[in-house]
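Numbered from 1 within each chain, the chains take letters A, B, ... in sequence-line order. None of the values given here were measured: they were computed from a predicted structure.
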2 protein chains.
Amino acid sequence: MATLHHYPLDPFSRRIRLWLAEHEITAELADELPWAPRKPFLTLNPSGVLPVFVDDDGSAITGVEAVSEYLEESRASKDGKASLLGATPVERAETRRLIAWFDVRFFREVGRPILTEKIERRFAKPEQGGGAPNMTAVRAGLKNIRPHLALIGALLEKRNWLAGDELSSADLAAAAHLSCIDYLGDVPWSESEPAKDWYARIKSRPTFRSLLADHIRGMPPPRSYADLDF
Amino acid sequence: MATLHHYPLDPFSRRIRLWLAEHEITAELADELPWAPRKPFLTLNPSGVLPVFVDDDGSAITGVEAVSEYLEESRASKDGKASLLGATPVERAETRRLIAWFDVRFFREVGRPILTEKIERRFAKPEQGGGAPNMTAVRAGLKNIRPHLALIGALLEKRNWLAGDELSSADLAAAAHLSCIDYLGDVPWSESEPAKDWYARIKSRPTFRSLLADHIRGMPPPRSYADLDF
């Protein structure tokens with residue numbers, strides 16, 4: 001069986017987990033702490049980047065960009081399901097544009113500061129970068145969520161899902177990023193009704209269940225995290 | 001004719017220019033200042049992200065991730081040339097892993113701080129973010145180049161080009177990022193002989209000429225920038 005090396009609250013790993021679930025592909029999950037990768041993982045992947053997908057034949061594919069396109073090329077075309085990227089080059093470009101928006105912009109402005117300060121600082125040893133969180137960075141991240149929720153709302157004025165009328169990997173990417181912040185109870189859903197409705201729809205999919213069952217020891221999620229009626 | 005909206009010292013735009021040249025595709029170049037996008041460009045692309053590729057039929061493709069995969073899908077397969085991503089899913093995964101390394105890690109650690117502080121602060125008006133450069137950020141960026149040159153050297157111990165034995169989009173990405181820093185005379189090439197040899201090889205390709213001819217008004221490059229024997 002294939003293995004996905006991941007961290008439960010890594011948004012990039014989460015996108016791949018959602019993609020695998022949508023395609024009904026089972027992979028073993030191997031947990032890795034991003035701030036303290038173990039030796040066998042570093043042998044596999046010296047950069048320490050997550051996620052890493054190790055295929056049945058032992059090929060190790062590193063990083064969300066490579067893993068997602070590798071799975072599209074090697075698996076998606078074979079299972080008869082519609083591609084989560086879209087049907088035409090222009091549709092796929094729109095999906096990839098939005099994936100990049102969340103992977104680059106949302107992560108830089110929101111995810112990275114909040115997750116680094118609230119999770120990594122707390123669980124990492126001092127020599128691994130642990131310590132008191134920089135609350136200025138956290139506050140900046142929290143403030144930066146709002147325009148992203150507004151963007152989601154604006155897209156949904158014209159579309160059923162973020163990149164078009166069908167669910168796509170853009171929805172998986174956005175939901176993966178937001179769900180990490182939601183695990184901390186930090187998404188102000190009341191600010192955007194359309195974004196909340198969209199998240200409720202994607203959260204209700206059976207493919208989301210494994211993410212809702214995640215539980216970081218010493219840091220349980222708020223009740224709303226796994227509640228489909230949040 | 002297709003149009004590429006770009007900024008000469010934007011590393012993401014540069015990768016697409018190199019890709020188009022390798023595939024002998026001519027596109028009109030439309031200059032845009034990243035810190036002061038003009039109204040018609042913002043109408044085309046409200047996020048202001050560069051590059052944007054406008055195809056013959058008017059389709060506007062936004063962002064380096066979407067543009068590069070769009071061109072692979074819609075153009076590369078039709079011109080009879082070998083794909084610059086690689087031949088198999090595993091080869092393409094290695095190319096995409098390295099592209100992401102330079103687009104995410106190199107840009108975060110080196111390109112973004114140096115280019116923001118040395119170019120944007122200088123040419124932007126105060127209300128656009130102009131002003132005195134933060135020299136601490138510049139120095140951190142300069143220091144961070146060294147491990148990236150070492151990585152290039154390590155890859156070339158086993159390979160002819162960065163992702164394998166053939167030139168790939170990973171070389172174009174790495175060269176695109178480094179060439180922006182080289183325009184400022186800030187790459188310590190003497191630190192890594194293999195990285196310098198690799199850059200001399202890619203710089204000597206006819207496809208690189210348009211980049212070497214770039215000239216930002218008020219900020220000419222050092223003589224070594226366009227010199228093939230630097």
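- In terms of heavy-atom pairs under 4.5 Å with chain B, the best-connected choice from Glu69(A), Glu65(A), Glu72(A) is Glu69(A).
- There is no contact between Arg75(A) and chain B, counting heavy-atom distances below 4.5 Å.
- Annotation: side chain to side chain donor-acceptor pair (under 3.5 Å) contacts involving residues 162-171 of chain A, sequence neighbours excluded, comprise Asp171(A)-Trp198(A).
- Within the structure, the salt bridge (Lys or Arg N to Asp or Glu O under 4.0 Å) test picks out the following pairs touching residues 120-140 of chain A (sequence neighbours left out): Glu117(A)-Arg121(A).
- Remark: Lys81(A) NZ is packed, more than 12 non-hydrogen atoms of other residues, nucleotides or ligands lying under 6.0 Å away.
- Interface residues of residues 46-63 of chain B toward chain A, defined by a heavy-atom distance below 4.5 Å and sorted by number: Ser47(B), Val49(B), Ser59(B), Ile61(B), Thr62(B).
- Within residues 89-109 of chain B, the residues having any heavy atom under 4.5 Å from a heavy atom of chain A are, by residue number, Pro89(B), Val90(B), Arg92(B), Ala93(B), Arg96(B), Arg97(B), Ala100(B), Trp101(B), Val104(B), Arg105(B), Arg108(B).
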